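Here the structure comes first, spelled out in structure tokens, and everything after it is commentary.
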Amino acid sequence: MAKRPRTIITCAITGAIHTPTMSDALPYSADDIAQQAVEAAEAGASILHLHARRPEDGGVTIDPDAFSTFLPRIKQATNAVINISTGGSLKNSIEERVAPAKRFSPEMCSLNMGSMNFSFHPLAKRYDSWKFDWEKEYVANSDTYIFRNTFRDIETVATELASHDIKFEHECYDVGHLYNLRFCMDIGLFKAPIFIQFIFGILGGIGPEVDNLIFMKRTADRLFGDEYRWSVLGAGGAQMGLATTASQMGGNVRVGLEDSLFISRGELAQSNAQQVAKIRQIIESLGCEVATPDEAREILNLKGADRVGF
Ligand code: KMH
Ligand code: ZN
């Protein structure tokens with residue numbers, strides 16, 4: 001019997017958008033990040049997309065030492081592919097943002113494919129009191145940020161990491177980012193197969209309509225032909241619906257508390273694993289199978305867990 005199609009589930013465990021006040025489930029201590037990552041992998045995630053947080057107050061940090069408190073523990077407990085973010089927390093230089101991936105040489109890391117407004121300031125109005133002092137200002141002031149990812153920045157990440165054989169999760173928040181990526185491939189920065197994360201619903205990027213998913217996919221087909229693999233990230237309330245649609249279109253999916261704190265409308269998720277279990281159940285009930293970490297390695301042509309630096 002023919003093998004059923006395999007869908008890669010990425011789980012983004014904590015990110016740099018949400019804050020501790022917004023959900024008790026959002027992990028920020030090393031123990032909680034490691035535990036939720038391992039449980040997400042057990043639930044069916046073959047890739048774990050990781051940011052670091054300050055253990056004392058949940059603030060965002062890109063200090064490589066913070067990553068060292070959970071990366072080895074996750075590696076020991078699971079075969080899942082580890083993907084380190086280079087997104088940083090909006091204010092950091094590109095050299096700071098690339099430092100954790102440079103130090104730990106993971107199988108994958110994120111790479112954001114264009115500069116843009118990237119705001120979540122409307123969330124600030126939803127809360128009257130905050131667990132930690134930094135949160136309100138951080139969220140409210142995101143309407144002043146420009147998420148900087150110039151061509152020079154992209155080239156810096158590519159060249160700084162060139163010797164590490166890391167596969168990028170190319171984060172594309174709008175259709176122009178696909179053209180940026182094509183340009184970067186044409187000048188030799190990235191090798192096929194590339195992995196594109198189509199992102200919908202970030203304020204500053206393309207909206208979360210199915211029409212837009214079809215448009216992004218059609219554009220990528222034209223630009224990259226069979227040189228690319230793809231996945232979909234729907235932010236907030238768009239998460240499960242767009243992931244379901246993507247899986248039915250032959251794509252891969254990303255879930256996790258970085259992207260949405262909810263499990264269904266108005267109901268907070270209890271954990272990352274709960275979101276993974278939900279999308280896995282949907283994918284399997286609709287006739288596909290989820291990829292194991294080794295299948296994800298084969299599909300994306302990754303270097304292997306034995307070649308990471310942690
Ligand atoms: N927070 C997501 C919308 C990164 O880490 O490089 C995009 C992201 C960026 O995951
Ligand atoms: Zn991220």
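Only a predicted model underlies this, so the values are computations on that prediction, with no experimental measurement involved. Values below: every heavy atom of this structure, side chains too, minus hydrogens, waters and symmetry copies. Counting starts at 1 for both ligands and their atoms, in listed order. All residue numbers refer to positions in the sequence shown, counting from 1.
Considering backbone and side-chain N/O of Asp259, none are found under 3.5 Å from N/O of ligand 1. For ligand 1, the polar-atom distance check finds no N/O of Thr86 at less than 3.5 Å from any of the ligand's N/O atoms.
Salt-bridge formation is detected for the pair Glu107/Arg297: a Lys NZ or Arg NE/NH1/NH2 atom is positioned less than 4.0 Å from an Asp or Glu carboxylate oxygen. Salt-bridge annotation for Asp63 and Arg53: absent, with no side-chain N of the basic residue lying under 4.0 Å from a carboxylate O of the acidic one. Under 4.0 Å is where a charged nitrogen must lie from a carboxylate oxygen, and between Arg218 and Asp221 no such pair does. Asp31 and Arg73 are joined by a salt bridge, as a carboxylate oxygen and a charged side-chain nitrogen come within less than 4.0 angstrom of each other.
The residue Leu111 has no part lying near ligand 1, judged by heavy-atom distances below 4.0 Å. Contacts between Arg254 and ligand 1, counted as non-hydrogen atom pairs separated by less than 4.0 Å, involve the side chain only. At a heavy-atom distance under 4.0 Å, no atom of Gln197 approaches ligand 1.
By the ring-ring contact (aromatic ring centres under 6.0 Å, His included) test, Phe200 pairs with no residue at all, sequence neighbours left out.
Selection from Ile202, Thr10, Asn83 by nearest heavy atom to atom 3 (C) of ligand 1 gives Ile202.
For atom 1 (N) of ligand 1, the closest non-hydrogen atom of the protein is Glu258 OE2, 2.7 Å. Looking only at heavy atoms of the protein, atom 7 (C) of ligand 1 is closest to Tyr173 OH, 3.1 Å. The single protein non-hydrogen atom nearest to atom 6 (O) of ligand 1 is Ser110 OG, 2.6 Å, given as residue, atom name and distance.
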- Test log, rule salt bridge (Lys or Arg N to Asp or Glu O under 4.0 Å), inputs Arg254 and Glu169: CA-CA 11 Å; Arg254 174 167 141 173; Glu169 175 194 9; 2.9 Å; yes
- Item | Residues Glu227, Arg182; criterion salt bridge (Lys or Arg N to Asp or Glu O under 4.0 Å); working and verdict | CA-CA 11 Å; Glu227 290 185 308; Arg182 180 68 255 174; 3.1 Å; yes
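Heavy atoms of His49 come nearer than 4.0 angstrom to ligand 1 in at least one pair.
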Acceptor/donor pairs from residues 121-133 side chains to any protein atom, 3.5 angstrom cut, sequence neighbours excluded:
residue, atom, partner, partner atom, Å
His121, ND1, Ser119, OG, 2.5
Lys131, NZ, Pro20, O, 2.9
Lys131, NZ, Asp24, OD1, 2.6

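Remark: ligand 1 atoms within the under-4.0 Å shell around heavy atoms of Ser85 are 4 (C), 5 (O), 6 (O). For ligand 1 and His51, the ligand atoms under 4.0 Å from any heavy atom of the residue are 5 (O).
With a cut-off of 2.8 Å, the Zn ion (ligand 2) has an N, O or S atom of Glu258 in range.
Taking the six-membered ring for Trp and thresholds of 30 and 60 degrees, Phe104 and Phe67 have ring planes inclined between 30 and 60 degrees apart.
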